[in-house]
Structure formats: structure tokens, C-alpha cells
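Written below as C-alpha cells is the structure these notes are about.
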Amino acid sequence: MSEQPSLLLLGAGPIGLAAAAEASAGAIPLRCITTSIDAPWLPNYALWQSDAARLDLTADLRVTFDAVDLVGASGRSRTIPHGYGFLNNTRLQRRLHAASRGSWQQGRVEALTEVPDGASATLDDGTALHARVILDARGSRPEHQGPSLPAQTAFGVEIELLAGHPGLPMRFMDWSFPTPQGEPPSFLYSVPTSPSRLFVEETVLSARPAFAIDRLRERLKARLEGLGLGAAPWVAGTEEHCYIPMGALPPAAGGSVIPLGAAAGWVHPASGYLLGHGLGWARDAARVAATGATAAEVWQAAWPADRRRMWALYRFGLELLLRCDHAQTSAFFDEFFQLPQERVQAYLTASGSANELAATMWMLFAQGSWPLKRRLAAAGVRPEALRLVRELSGD
Ligand SMILES: Cc1cc2nc3c(=O)[nH]c(=O)nc-3n(C[C@H](O)[C@H](O)[C@H](O)COP(=O)(O)OP(=O)(O)OC[C@H]3O[C@@H](n4cnc5c(N)ncnc54)[C@H](O)[C@@H]3O)c2cc1C
């Protein structure tokens with residue numbers, strides 16, 4: 001066993017690095033292990049500007065938009081007045097590495113074991129590292145990826161606009177492309193990254209089992225043809241294959257290994273986003289861990305009771321959306337985005353309380369149009385579940 005109670009952190013993705021930067025300012029010795037210290041973050045990470053501002057990351061955005069568009073199944077477009085941006089991964093990664101003051105060591109963790117005074121990580125070279133608390137930010141885990149857990153899948157690529165084509169605006173979701181019968185609906189996400197380039201991504205918000213990424217590639221090609229963008233060259237090296245397990249339950253309490261980030265099921269069950277709320281949650285948990293707090297206290301910081309309630313409500317919404325077809329999903333989002341904008345924003349950024357979230361969900365149902373109510377009923381929304389949401393909402 002190690003002589004000193006210490007903190008071990010695993011994984012240098014956005015969550016691990018944010019936690020490391022925070023914990024390295026703390027009082028207890030910190031060690032960080034990851035498979036490849038300098039590996040660049042490849043996804044086109046995006047977040048809402050309100051989150052970026054709250055996290056002091058505004059300067060780390062590389063492309064920004066004051067508003068985003070939503071296009072329904074009918075082709076009607078609506079503007080959502082919430083600022084959005086693509087993260088400058090390299091810049092944030094460098095900044096967080098600098099702040100974590102060389103605590104990093106390269107290694108692959110093969111096994112984690114609970115021991116009487118903490119936990120032990122066995123690396124691929126046979127080294128065993130003991131710590132009182134281990135923060136595990138190694139990303140989503142194989143056990144999250146069984147067929148019973150829904151997943152978001154997407155295929156994206158950056159395209160070069162041909163001269164004369166105006167491209168597309170920043171579209172958060174475009175549901176206007178028909179879905180083949182019996183397959184889960186997908187939407188187009190388009191982000192102009194420069195005057196001549198557009199990032200386009202075809203996404204199935206969530207499906208059980210996960211929808212094949214190859215099929216999304218085919219759908220994207222067909223959609224681009226329909227939009228007059230079929231001849232636009234795909235920029236080499238920009239393909240994004242996205243698989244995000246959704247709706248994982250919070251990890252069990254009681255051990256000395258505390259998962260953070262995707263490993264902890266922090267992915268927003270309704271959207272698949274994580275960074276806007278997760279970077280702040282990672283900082284909070286790491287700050288507590290760096291005081292020498294017990295594993296139970298760190299677990300509480302990672303999963304406060306209200307957050308667990310909130311995630312249960314989002315999972316309820318996720319189950320509902322999983323049963324919706326193309327028209328139902330599009331109608332759901334169309335009406336959702338007509339709610340008061342502060343509610344929309346709180347829902348998307350997971351920034352309110354569980355009761356506020358329940359109130360928003362209840363409002364969507366109670367004030368929703370009859371077609372939406374009928375669609376939700378057809379999708380299997382149960383009266384007892386609605387009663388629970390209504391009670392939580394305080395209505
Ligand atoms: C393609 C894609 C696009 C996404 N886009 C967005 C987005 O725009 N906005 C958003 O909010 N969310 C997005 N997400 C969801 C989520 O934010 C990401 O999955 C994010 O990368 C999760 O961060 P993380 O730090 O928890 O885990 P990861 O980024 O997966 O990092 C895990 C780290 O652990 C290390 N590691 C893994 N195994 C071991 C091991 N055995 N030993 C040691 N180290 C190990 C890895 O090398 C890596 O450094 C996206 C996800 C994907 C897949």
C-alpha cells in the first residue's frame with residue numbers, strides 16, 4: 001500500500017484533463033495516467049455559449065453562432081436564439097495540460113481493484129498504483145455498450161463548398177429528410193466552419209440497438225445530393241464516426257473508484273452532449289477529491305441527489321423518444337423549442353433542478369397540441385409516469 005493517501009486520475013479526455021487541472025491545485029499528491037498524453041481530441045466538440053461563458057471557455061471557442069436553426073419534418077424552419085460554438089480542442093487541451101503541471105504519466109490501466117484502504121490500478125507493464133481515491137475518466141466503457149443500452153450514432157464529415165453554392169446555415173437539427181420505413185429517424189446537423197467549408201453530420205439521436213454508422217453515411221450522401229451538395233468534395237481526414245452510449249445508470253456508490261464524465265454516465269440522456277455541464281461537474285468533483293475527502297464524499301460530489309433525480313427524468317424522456325417515429329420526433333422538438341426559452345436552455349444544458357425539469361416536461365405535455373399529446377400517447381407514455389412528472393413539477 002502507498003504510504004500517503006493520494007489521488008489517482010485516469011484518462012486525459014476533456015473530463016479527465018479538466019479534473020486534473022482542478023485537482024493539481026489541491027493539497028494532496030496527484031498522479032494522472034492515460035494511454036497517450038499528447039493524443040489530440042478528434043471529435044468536433046460543440047457547446048452552448050451560455051455554458052462556455054459559465055465555464056470561462058469563451059476564448060476556447062473557434063467558431064461561434066448567435067443562434068441555431070431547427071428544421072421540422074415539414075421543412076419549416078425556426079430560429080432558436082441560443083449562442084452555440086465549436087471548441088478549439090487544441091487550445092483547451094494545452095491550457096488544461098499546463099494547469100495540471102506535469103502530473104501525467106503514460107500507461108494503460110488493465111484492471112482496477114478495491115483494496116482495504118482505497119483502490120489499486122494495474123497498468124499494462126504490471127505496475128500497481130494504490131490510491132485512497134481513484135477518479136476514473138477513461139470514457140464510455142464496454143459494459144455501457146450492451147444491446148440493452150440505447151446509443152446515439154452519427155456520421156459526419158467536413159465538405160468543401162463549390163463556388164456559387166451558399167452552403168447551409170448553422171442547423172442544430174434538420175428533420176426534413178424522410179426516414180426509410182421501420183428505421184430510426186435521423187437529423188442533419190450542419191455547421192459552417194469557414195466561408196468555404198461546412199461540417200455536416202447525420203445523427204440518430206438515440207436507438208436501441210444502435211443504428212449502423214455506415215447506414216448514416218449513406219443517408220448523409222443521399223441528403224447532400226438532395227441539397228445540391230452531392231458534388232462537394234469531402235475534406236480528407238475529417239470524417240467523424242460517433243457512438244455515444246445514452247441513458248447509463250449512475251455507477252453504484254460504495255467503492256473507492258469514482259467514475260467521471262462519459263465513464264460515469266454523465267452524457268445528457270436527451271441530447272448526447274456532455275461538455276457543457278460535465279466540465280463543471282468534473283471540476284467540482286475534483287476539487288472535493290483534492291481536499292483529501294473520502295470516496296463517499298467524492299461520489300456525492302459527482303452524483304448529488306438532485307442530479308440523480310434529474311437524470312432519472314431525462315431517462316424517462318429518452319425512453320419516450322426511443323418509441324417515437326420520424327413525425328413524432330420532429331413534432332416533439334418543434335413544440336419543445338416553442339417553450340419559454342429559459343426552460344429550453346435549462347433543459348438542454350442540464351442547468352436547473354430536478355423539480356424545474358419536471359415542470360418543463362409537464363408544461364410540454366400540458367400545453368402541447370392535441371396532435372403532440374396523441375403522438376406521445378401513441379408512443380406509449382403512461383398515465384402513472386405523467387402523474388409522477390406532474391407531482392415532481394409541483395403543479
Ligand atoms: C464523435 C463524438 C462527438 C462528440 N461531440 C460532442 C459535442 O459536440 N459536445 C458534447 O458535449 N459532447 C460530445 N460528445 C460526447 C462526449 O463529450 C465525448 O464522448 C467526450 O469525449 C467524453 O469525454 P471523457 O473525457 O469523459 O472521455 P474520453 O474523451 O473518451 O476520454 C477518455 C480518456 O481516457 C483514456 N483511456 C481510455 N482507456 C484507458 C485506459 N485503459 N487506461 C488509461 N487511459 C485510458 C483515453 O486515452 C482518453 O484520454 C461526442 C462524442 C463523440 C464520440
Side-chain angles (χ1 to χ4, degrees), residues 8-21 31-48 51-52 55 57 61-63 68 84-89 92-93 96-97 100 104-112 121-125 127 129 134-142 144-145 151-157 172 189 191 199 201-203 205-206 210 213 216 238-246 248 257-283 285-286 302 348-350:
L8 186 60
L9 190 147
L10 313 175
I15 295 300
L17 262 189
R31 265 175 111 169
C32 304
I33 308 289
T34 194
T35 42
S36 171
I37 295 174
D38 297 319
W41 298 339
L42 297 178
N44 283 298
Y45 288 131
L47 68 169
W48 297 100
D51 282 332
L55 293 163
L57 296 180
L61 298 179
R62 63 181 165 101
V63 213
V68 301
Y84 192 80
F86 257 13
L87 199 61
N88 181 335
N89 291 1
L92 180 61
Q93 213 175 351
L96 294 175
H97 261 304
S100 44
W104 289 94
Q105 178 187 326
Q106 200 135 310
R108 173 172 293 278
V109 176
E110 297 285 4
L112 293 177
T122 308
L123 307 192
D124 50 357
D125 64 1
T127 314
L129 299 170
I134 297 183
L135 299 177
D136 180 7
R138 287 178 297 158
S140 56
R141 315 291 284 276
H144 285 170
Q145 292 169 20
Q152 177 172 117
T153 48
F155 175 82
V157 69
F172 187 59
Y189 167 71
V191 184
F199 178 72
E201 191 160 58
E202 193 74 28
T203 303
L205 189 63
S206 198
I213 296 177
L216 287 168
T238 63
E239 287 190 11
E240 183 169 286
H241 297 242
C242 182
Y243 180 100
I244 305 177
M246 305 272 282
V257 177
I258 313 295
L260 304 180
W266 280 359
V267 165
H268 194 306
S271 69
Y273 283 62
L274 165 61
L275 302 187
H277 57 275
L279 292 172
W281 294 4
R283 287 180 191 169
L348 292 173
T349 58

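Each ligand, and each atom within it, is numbered from 1 in the order the structure gives. As a basis for the values below, the full set of heavy atoms in this structure was taken, side chains included, without hydrogen atoms, waters or symmetry mates.
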Polar-atom distance check: [X] versus ligand 1, any N or O pair below 3.5 Å?
X: Pro43; result: no
X: Ala46; result: yes
X: Ile244; result: no
X: Leu275; result: yes
X: Leu260; result: no

Legend entry - For ligand 1, the portion of Glu110 having any non-hydrogen atom under 4.0 Å away: neither

Inset, instruction - Answer side chain, backbone, both or neither: which part of Asn44 comes under 4.0 Å from ligand 1, heavy atoms only. - result: backbone

Legend entry - salt bridge (charged side-chain N to carboxylate O under 4.0 Å, His left out) partners of Glu239, counting only residues at least two apart: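 Listed in chain order: Arg217.
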
Inset, instruction - Please name all residues satisfying salt bridge (charged side-chain N to carboxylate O under 4.0 Å, His left out) with Arg138, sequence neighbours left out, ordered by chain then number. - result: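 With neighbours one apart ignored, the set is Asp136.
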
Inset, instruction - If you have a sec, work out which protein heavy atom is nearest atom 13 (C) of ligand 1 and how many Å separate them, to one decimal? - result: Tyr45 CD2, 4.0 Å

Inset, instruction - Can you pull out the closest protein heavy atom to atom 2 (C) of ligand 1? Residue, atom name and distance to 0.1 Å, please. - result: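 Nearest neighbour among protein heavy atoms for atom 2 (C) of ligand 1, to 0.1 Å: Cys242 SG, 3.5 Å.
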
Inset, instruction - Any atoms of ligand 1 less than 4.0 Å from a non-hydrogen atom of Ala137? List them with their elements. - result: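 Counting atoms of ligand 1 from 1, those under 4.0 Å from Ala137 are 32 (C), 33 (C), 34 (O).
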
